[in-house]
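Accompanying notes for the structure given below.
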Amino acid sequence: MRGFSTNAIHAGQEPDPTTGAVIVPIHPSSTFAQDGVGGTRNGYEYSRSANPTRTALQECLAALEGGRHAFAFGSGMGASDVLLRVLVRPGDHVVIPHDAYGGTFRLVDKILTQWGVEYSTVDLADVDALRAALRPTTRVVWCETPTNPLLGVADIAALADVTRGTEARLVVDNTFASPYLQTPLALGADVVLHSTTKYVGGHSDVVGGALVTSDDGLAEQLAFTQNSVGSVPGPFDTWLTLRGVKTLAVRMERHCDNAERVAEMLAAHPAVAQVCYPGLESHPGHEVAAKQMRRFGGMVSFRVAAGREAALAVCAGTELFTLAESLGGVESLIEHPGAMTHASVAGSALEVPDDLVRLSVGIEDVDDLLEDLRGALTRIRS
Ligand SMILES: *Cc1c(COP(=O)(O)O)cnc(C)c1O
């Protein structure tokens with residue numbers, strides 16, 4: 001079996017057979033010439049159904065996640081929507097993490113419930129809590145690990161043991177880890193979801209999503225539903241994502257190097273009450289993370305001892321860390337989840353602490369990042 005980076009650079013990306021172009025071309029064509037009525041060439045007829053640039057990205061992502069089938073979407077939420085349309089019907093029940101990505105919570109809480117779907121929020125770090133939450137009607141257990149923004153860790157293999165033999169499918173949102181750090185299908189998950197907007201694309205220049213599975217029947221339903229609802233990415237977007245993914249391994253190594261240093265600095269800083277980073281031995285999910293992840297990722301959250309206003313001041317006080325939503329790009333970002341990414345879960349079971357700051361640690365020189373954060377923390381204390 002080929003290595004991760006060899007797949008990232010070559011899977012689905014043979015030199016173009018007609019021109020020899022080493023890089024997969026952007027195929028903007030919406031339609032493809034047919035060799036007679038009903039006779040498609042190479043399976044392409046209309047770009048909503050299939051497009052060669054998209055096929056290249058899908059084959060690459062399937063190889064990286066160790067799955068048989070991958071589907072690329074116009075966004076992570078587009079991928080989630082198609083997956084849930086396939087997996088649930090009115091009257092069904094869905095389990096989502098108690099600190100789910102805000103957009104996932106909104107999709108389930110505001111859209112799915114309109115169609116008679118019920119849901120529970122569960123701390124999936126607690127396998128017994130999942131067991132207790134399962135109902136005969138549960139069709140989906142939706143897991144994120146590490147979670148956003150509290151970096152909670154769920155034991156994917158243990159969750160798979162619970163869902164196996166039930167009618168619930170285990171979905172893992174692998175956005176935070178990326179396939180370089182964690183491959184949930186190998187641990188027993190049924191489907192992997194990505195917002196490729198984040199680490200997979202890696203350069204904050206394209207929005208996209210993906211689903212990967214080895215279940216042939218499920219893949220057939222996903223293909224049918226994606227084509228039916230038209231939730232597809234454009235060829236330039238898929239090409240940008242494909243360009244980004246080639247360097248995923250080297251970027252992730254550097255994200256992890258930098259995040260480890262940032263987490264250590266914060267853990268020792270008097271203005272910081274708590275650091276959430278699975279790489280710290282003090283993190284309750286450290287052992288599980290060490291077992292199922294190659295390294296611990298580029299996301300770090302921390303609670304500011306002096307409270308909400310001080311946390312907002314830290315977010316406003318950095319120079320290199322840009323105040324912005326999103327994550328996983330080469331540049332470092334800082335945000336206040338309570339007022340930004342997770343504002344939509346305020347007042348719900350998913351509400352996050354208001355003194356929490358989330359960092360997406362980029363791949364800049366780490367000494368500059370440490371100095372930037374130390375400066376912002378010092379200024380709130382003066
Ligand atoms: C961003 C994100 C999503 C949604 O993806 P979009 O590309 O923004 O639609 C889903 N899950 C997680 C963990 C995310 O960070």
Side-chain angles (χ1 to χ4, degrees), residues 57 61 65 70-85 94 96-112 121 124 140-154 156 170-182 184 189 191-212 226 229 231-234 237-238 240-241 244-245 248 252 255 259 276 278 293 297-301 324-329 333-335 337 340-345 350 352 356 358-362:
L57 174 61
L61 293 176
E65 285 288 358
F71 301 89
F73 292 83
S75 69
M77 293 320 303
S80 303
D81 175 49
V82 164
L83 179 58
L84 288 165
R85 282 173 196 258
V94 172
I96 59 172
H98 75 318
D99 55 351
Y101 173 70
T104 304
F105 176 70
R106 183 174 53 199
L107 177 62
V108 171
D109 178 61
K110 295 285 190 293
I111 309 287
L112 276 195
T121 57
L124 292 176
V140 174
V141 173
W142 191 283
C143 165
E144 284 176 40
T145 181
T147 63
N148 177 22
L150 291 167
L151 284 307
V153 172
I156 298 171
L170 179 61
V171 177
V172 176
D173 181 338
N174 205 25
T175 299
F176 267 40
S178 91
Y180 180 67
L181 297 180
Q182 174 173 282
V191 189
V192 170
L193 178 132
H194 279 284
S195 168
T196 57
T197 314
K198 316 295 169 48
Y199 288 105
V200 169
H203 296 74
S204 305
D205 55 6
V206 58
V207 171
L211 296 172
V212 187
Q226 178 178 36
V229 303
S231 187
V232 296
D237 286 3
T238 50
L240 277 173
T241 306
V245 79
L248 182 59
M252 288 314 295
H255 281 295
C276 308
M293 298 175 76
M299 299 300 296
V300 178
S301 294
E325 300 194 356
S326 199
L327 60 114
L333 302 178
I334 189 167
E335 68 122 1
M340 295 170 64
T341 48
H342 290 63
S344 67
V345 298
L350 283 81
V352 296
L356 190 76
R358 188 187 80 179
L359 304 175
S360 173
V361 181

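Just so you know, ligand 1 is whichever comes first in the structure, and atom 1 is the first atom listed for that ligand.
Among residues two or more places apart in sequence or in another chain, the salt bridge (charged side-chain N to carboxylate O under 4.0 Å, His left out) test is passed with E144 by none. For Y180, the side chain to side chain donor-acceptor pair (under 3.5 Å) partners are E253, not counting sequence neighbours. Every salt bridge (charged side-chain N to carboxylate O under 4.0 Å, His left out) that D81 has, sequence neighbours left out, goes to R85.
Q226 places a side-chain N or O within 3.5 Å of a backbone atom of S231 that can act as its donor or acceptor partner. Between the side chain of H255 and the backbone N or O of V361, at least one donor-acceptor pair lies under 3.5 Å.
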Hey, what polar pairs (N/O, under 3.5 Å) does ligand 1 make with protein?
from, atom 1, to, atom 2, distance (Å)
ligand 1, 5 (O), S195, OG, 3.0
ligand 1, 7 (O), G76, N, 2.9
ligand 1, 7 (O), S195, OG, 2.8
ligand 1, 7 (O), T197, OG1, 2.7
ligand 1, 9 (O), G76, N, 3.0
ligand 1, 9 (O), M77, N, 2.8
ligand 1, 11 (N), D173, OD2, 2.6
ligand 1, 15 (O), K198, NZ, 2.7

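Nearest heavy-atom pair, L84 versus V140, reported as atom, atom and distance to 0.1 Å: CD2-CG2, 4.3 Å.
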